[in-house]
Amino acid sequence: MNRRVRRKVARKSKGNVVQSSSPEVQEEVLHLEPQGVVDWNCLPDDTVIQLLSCLSYRDRASLSSTCKTWRSLGSSPCLWTSLDLRSHRFDAGMASSLAPRCVHLQKLRFRGAESADAIIHLRAKNLRELSGDYCRKISDATLSVIVARHESLESLQLGPDFCERISSDAIKAIAHCCPNLNKLRLSGIRDVNADAINTLAKHCPKLTDIGFIDCLNVDEVALGNVLSVRFLSVAGTSSMKWGVVSHLWHKIPNLIGLDVSRTDIGPSAVFRMLSLSQNLRVLIALNCPILEEDTSFSASKYKNKLLVSLRTDVFKGLASLFFDNTKRGKNVFLDWRTSKNNDKDLNEIIPWLEWMLSHTLLRSAESPQQGLDNFWVEQGGALLLSLMQSSQEDVQERAATGLATFVVIDDENASIDCGRAEAVMRDGGIRLLLGLAKSWREGLQSEAAKAIANLSVNANVAKAVAEEGGIEILAGLARSMNKLVAEEAAGGLWNLSVGEEHKGAIAEAGGIQALVDLIFKWSSSGDGVLERAAGALANLAADDKCSTEVALAGGVHALVMLARKCKFEGVQEQAARALANLAAHGDSNSNNAAVGQEAGALEALVQLTRSPHEGVRQEAAGALWNLSFDDKNREAIAASGGVQALVALAQACANASPGLQERAAGALWGLSVSETNSVAIGREGGVAPLIALARSEAEDVHETAAGALWNLAFNASNALRIVEEGGVSALVDLCSSSVSKMARFMAALALAYMFDGRMDEYAVGTPSESTSKSVSLDGARRMALKHIEAFVLMFSDPQAFAAAAASSAPAALAQVTEGARIQEAGHLRCSGAEIGRFITMLRNPSSILKACAAFALLQFTIPGGRHAMHHASLMQNLGAPRVLRGAAAAATAPLEAKIFARIVLRNLEYHQIEHTV
């Protein structure tokens with residue numbers, strides 16, 4: 001998974017007002033609010049400017065547009081000293097429109113090559129700090145032009161992704177153009193040669209902070225010539241000659257902080273740097289395998305010097321460095337920020353240390369390695385939480401991203417490390433993250449929401465998030481106009497909605513409407529946000545109450561739109577899953593019909609069964625299965641090419657996942673309720689793949705394949721096809737050995753249909769078809785009847801049957817009923833023709849078929865069954881009581897048929913009384 005509470009007079013809920021944190025603004029507002037109504041037109045200019053400064057750029061611009069006075073105040077230079085454009089489309093046109101306001105711009109954050117090209121159009125000659133990410137495509141030429149137009153630059157940071165197209169030539173241009181530069185951090189440069197570094201040393205005398213991070217090659221000797229440097233990082237840089245480093249760098253006179261994390265530095269180089277460098281106070285060597293292999297190495301003997309590594313107690317070391325006290329615990333950074341420390345070096349070390357630690361921890365989390373589990377649980381998670389409280393926004397963001405990343409084991413399957421997630425929770429991480437999510441800074445909102453989303457995969461963390469008010473916060477962020485924020489918030493709601501206990505809270509917080517609105521808002525430009533929104537709605541739609549709310553909120557139209565128009569397979573899969581759940585839950589009849597009636601819905605789902613992506617095919621088939629329970633939908637699916645598409649899907653899924661097999665067979669089962677569709681399925685070649693699926697090893701596939709074959713076997717031509725395709729042996733195997741009682745039951749019913757005499761009549765009448773394969777109907781019949789008999793006898797307890805035969809007491813029959821009952825069979829709904837066929841079967845010469853028919857009618861009429869009353873009514877209309885009494889009294893009928901017939905008669909009497917009452 002990738003991944004604003006305003007502090008000034010914002011309505012929290014009816015009757016409550018969140019007051020300003022600024023006493024001056026609060027006092028002014030109270031003077032203007034004698035009767036609870038603020039006259040915004042009379043606010044002092046300073047107050048308006050202060051209000052505007054607490055809003056995001058988008059909200060600031062929106063508020064500024066309300067009147068001429070506020071438009072003028074919105075352009076005040078003090079509001080435009082800093083810009084974060086990472087969440088916005090920033091091109092030359094936008095830069096030109098912003099240029100009049102950016103005369104005093106000092107700090108700029110941007111994202112990507114297009115934004116980099118546009119920077120010069122801001123004409124911000126006073127720019128002091130420039131920071132960019134996603135810089136892979138930024139070239140030497142672009143960077144050279146930027147620095148040439150901004151000679152006052154003091155800080156330049158590009159990363160953390162690799163700057164693959166930037167070379168030493170651009171570094172020389174930086175040196176020549178920016179004499180005031182004091183901080184330069186670049187990531188992923190292929191080669192930082194001596195000429196570039198020496199040029200920096202010559203032309204940038206104020207350069208105190210250098211970071212050549214994750215570079216392929218850096219000239220170690222030349223770096224030793226930059227005498228002004230106080231902080232140096234070569235973290236992740238390969239091909240370093242540590243012998244050269246240890247003999248030269250300890251001579252750098254002002255060096256107080258060195259980061260060599262994620263490199264192959266060894267203990268000897270670390271020893272020389274710590275022992276020989278006069279001013280070095282901090283050496284970060286996290287995730288350095290060679291150093292960590294030497295268990296004998298210890299840095300405790302170097303007084304007033306801190307080594308940060310996987311083998312050291314980082315918090316204890318920090319406390320001793322800052323406070324000469326090792327009992328500060330895990331709040332050492334926070335303690336330092338609140339202390340009155342006049343140590344100039346420490347005041348420089350802490351921000352640098354925070355920045356480097358956040359970077360290295362994130363990089364280590366992104367590239368998981370064995371052997372780091374203990375570190376993450378014992379120290380890494382706590383470090384990230386501590387860094388989230390930094391005063392540096394980029395450190396906070398990276399720490400939140402690190403939390404989101406280090407808990408993930410398998411991103412594809414949404415699997416996380418429960419130990420790490422719960423360690424974050426125990427250390428107060430949920431509250432911290434929710435606090436960041438309420439920031440007005442959209443970058444923090446996005447990263448905090450991403451961390452909350454990933455952590456919420458763990459049920460205990462999800463519970464803590466809900467208890468801390470996280471659902472309301474995420475529902476609010478899902479309404480953000482910033483796509484990245486909305487996407488991560490939707491991801492959080494998606495993960496939280498897995499828990500049944502959270503679905504109602506999401507609905508109450510307005511989350512359902514926010515998710516539906518997201519789909520319409522980003523329908524053409526946001527695959528990530530659409531997948532998350534549809535996934536959350538799919539989970540919510542699996543709850544009856546929430547399903548109804550999704551439909552009322554416009555969810556059917558939104559999800560059908562995605563199924564029809566979106567080409568991204570993740571969105572298609574979640575949209576189809578959501579439609580499947582909508583059709584099966586809530587006011588299912590209403591929802592089912594509503595989905596089917598939505599223009600293009602059924603056609604889109606039929607088309608999705610042809611997707612190259614298995615997950616899409618599976619969910620589309622599942623949706624069609626659920627929708628086929630509605631009579632009109634069933635016929636409309638067939639009219640939309642559903643029979644052909646689903647037969648093709650069944651033919652192609654022999655080696656597919658059990659989930660896809662189950663849904664493909666289930667959809668054909670649903671369509672085959674209609675005899676017209678049943679005949680079409682047989683004609684299109686649907687029999688053979690269903691027989692193949694009946695041989696699956698998965699219990700769920702057994703049920704749906706048996707159900708489909710049962711429906712198909714009602715038609716004599718299909719029954720013959722089943723015999724010809726070898727289906728008798730497959731049904732016999734199901735009937736005798738499937739783990740699923742339902743599969744065994746429906747397989748027995750299919751065999752009973754096939755050999756009750758109708759297929760024989762059809763076969764005699766169509767010799768040209770029946771001779772295409774050599775089929776012995778007599779042999780198949782004997783095998784089928786043998787296994788039908790064995791199946792029925794499995795539910796026949798001799799003792800209970802003997803007692804029922806000897807007594808007409810209800811208790812004796814009730815005991816037989818309980819022993820024979822197949823719970824799931826109560827969900828089956830038969831047509832009048834099907835019930836009529838079982839009634840006719842009671843008169844069949846075969847005693848086995850009589851017993852099977854009586855057993856089936858017992859299952860369909862047991863009180864409490866979903867459709868028992870419907871079946872009882874059909875039987876009364878068809879004159880079943882007379883036939884049942886005959887079967888119960890027949891001298892030649894088997895005992896099972898007699899007892900089952902008596903029970904069915906009793907069930908009919910019960911339903912008749914219930915109906916009259």
Side-chain angles (χ1 to χ4, degrees), residues 81-86 90 95 102 105-113 115-120 122-190 192-193 196-215 218 223 226 228-235 237 259 348 351-352 355-356 359 392-395 397-398:
T81 58
S82 175
L83 267 181
D84 183 352
L85 297 169
R86 292 172 300 160
F90 180 60
C102 294
L105 183 65
Q106 294 187 9
K107 184 177 180 179
L108 176 64
R109 300 183 73 181
F110 70 94
R111 173 167 289 161
S115 295
D117 291 334
I119 288 173
I120 58 172
L122 285 174
R123 299 194 295 277
K125 294 184 178 180
N126 295 309
L127 193 64
R128 299 287 190 274
E129 298 180 35
L130 182 62
S131 176
D133 54 26
Y134 290 86
C135 298
R136 289 184 182 274
K137 295 183 179 180
I138 295 178
S139 64
D140 279 357
T142 298
L143 185 54
S144 297
V145 171
I146 289 173
V147 296
R149 300 286 184 90
H150 303 92
E151 296 179 356
S152 298
L153 271 181
E154 297 173 0
S155 173
L156 176 61
Q157 300 181 80
L158 300 178
D161 49 318
F162 295 174
C163 304
E164 296 175 343
R165 298 179 61 187
I166 294 176
S167 71
S168 291
D169 291 340
I171 296 174
K172 287 192 287 184
I174 294 168
H176 285 296
C177 296
C178 304
N180 295 320
L181 195 68
N182 61 47
K183 182 188 297 181
L184 177 64
R185 295 172 184 164
L186 303 175
S187 295
I189 309 295
R190 292 183 181 277
V192 184
N193 61 33
I197 295 172
N198 288 331
T199 306
L200 285 171
K202 180 179 179 181
H203 294 281
C204 301
K206 299 178 182 178
L207 187 58
T208 60
D209 186 337
I210 296 177
F212 292 128
I213 302 168
D214 291 311
C215 297
V218 176
L223 273 176
V226 188
S228 61
V229 70
R230 291 169 61 79
F231 300 98
L232 176 59
S233 175
V234 289
T237 294
D259 183 10
E348 291 181 326
W352 175 82
W355 199 99
M356 292 302 165
H359 188 282
Q392 302 177 79
E393 183 183 345
D394 52 350
V395 170
E397 286 183 24
R398 270 195 299 276

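- The closest donor-acceptor contact from the side chain of Asn180 to the backbone of Glu154 lies at 3.5 Å or more, if one exists at all.
- Taking every heavy atom of both residues into account, Val147 and Ser144 meet most closely at CG2-O, 3.2 Å.
- Checked by atom type and distance alone, the side chain of Ser139 never pairs as donor or acceptor with a backbone atom of Arg165 at under 3.5 Å.
- Put simply, CD1 on Ile146 and CG on Leu108 are 9.0 Å apart, with the number rounded to the nearest 0.5 Å.
- One finds the CD1 atom of Ile120 at 13.0 Å from the CG atom of Leu127 (value rounded to the nearest 0.5 Å).
- In this structure, the side chains of Phe231 and Asp259 stay at 4.5 Å or more apart for every pair of heavy atoms.
- Shown here for Ser168 and Val192, the closest heavy-atom pair between the two residues is OG-CA, 3.4 Å.
- Closest approach of Glu151 to Pro179, counting heavy atoms only: O-CD, 3.9 Å.
- Between Asp394 and Ser131, the closest side-chain pair of non-hydrogen atoms is not below 4.5 Å.
- You'll find the side chain of Phe110 reaches within 4.5 Å of the side chain of Ile138, heavy atoms only.
- Cys204 and Cys178 make their closest contact through SG-O, 3.5 Å (heavy atoms, listed as atom of the first residue, atom of the second, distance).
- Closest of all the heavy-atom pairs between Pro205 and Ser228 is O-CB, 3.4 Å.
- Side-chain N or O atoms of Arg111 include none that pairs as donor or acceptor with a backbone N or O of Asp133 at under 3.5 Å.
- Within the model, atoms CG of Leu156 and CG of Asp209 stand 11.5 Å from one another, a figure rounded to the nearest 0.5 Å.
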Step by step, would you call Asp140 with Ile166 a side chain to side chain contact (heavy atoms under 4.5 Å, CB included)?
-> CA-CA 5 Å; Asp140 279 357; Ile166 294 176; 3.9 Å; yes
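- Rounding to the nearest 0.5 Å places CD1 of Ile210 at 13.0 Å from NZ of Lys183.
- Arg230 places none of its side-chain heavy atoms less than 4.5 Å from the side chain of Trp352.
- No more than 12 heavy atoms of other residues, nucleotides or ligands lie within 6.0 Å of CZ in Arg190, so this atom counts as exposed by the packing criterion.
- Note that the CG atom of Leu207 and the CG atom of Leu181 stand 5.5 Å from one another [nearest 0.5 Å].
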Would you please test Asp117 and Thr142 for side chain to side chain donor-acceptor pair (under 3.5 Å) and show each step?
-> CA-CA 6 Å; Asp117 291 334; Thr142 298; 3.0 Å; yes
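- With no hydrogens or angles considered, no side-chain donor-acceptor pair links Arg128 and Gln106 at under 3.5 Å.
- Remark: side-chain polar atoms of Thr199 are not paired, donor with acceptor, to backbone N or O of Ile171 under 3.5 angstrom.
- Scanning both residues, Gly159 and Cys135, for their nearest heavy atoms gives N-SG, 4.4 Å.
- Judged purely by distance below 3.5 Å, without hydrogens or angles, the side chains of Asp214 and Ser187 never pair a donor atom with an acceptor atom.
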Salt bridge (charged side-chain N to carboxylate O under 4.0 Å, His left out) between Glu397 and Arg109: does it pass, once the steps are laid out?
-> CA-CA 13 Å; Glu397 286 183 24; Arg109 300 183 73 181; 3.6 Å; yes
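- Counting only heavy atoms from C-beta outward, the side chains of Pro160 and His359 approach each other to under 4.5 Å.
- Side-chain contact between Thr208 and Val229 is absent, with no heavy-atom pair separated by less than 4.5 Å.
- Residue pairs meeting the ring pair (Phe, Tyr, Trp, His ring centres under 6.0 Å) criterion with at least one partner in residues 144-184, sequence neighbours excluded, are His176-His203.
- Taking CD of Glu393 as the reference point, atom OG of Ser82 lies at 8.0 Å (rounded to 0.5 Å).
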Please report the C-alpha distance between Ile197 and Val218 in whole Å, then the side-chain angles of each, then the deciding distance to 0.1 Å, and finally whether the side chain to side chain contact (heavy atoms under 4.5 Å, CB included) criterion is met.
-> CA-CA 9 Å; Ile197 295 172; Val218 176; 4.1 Å; yes
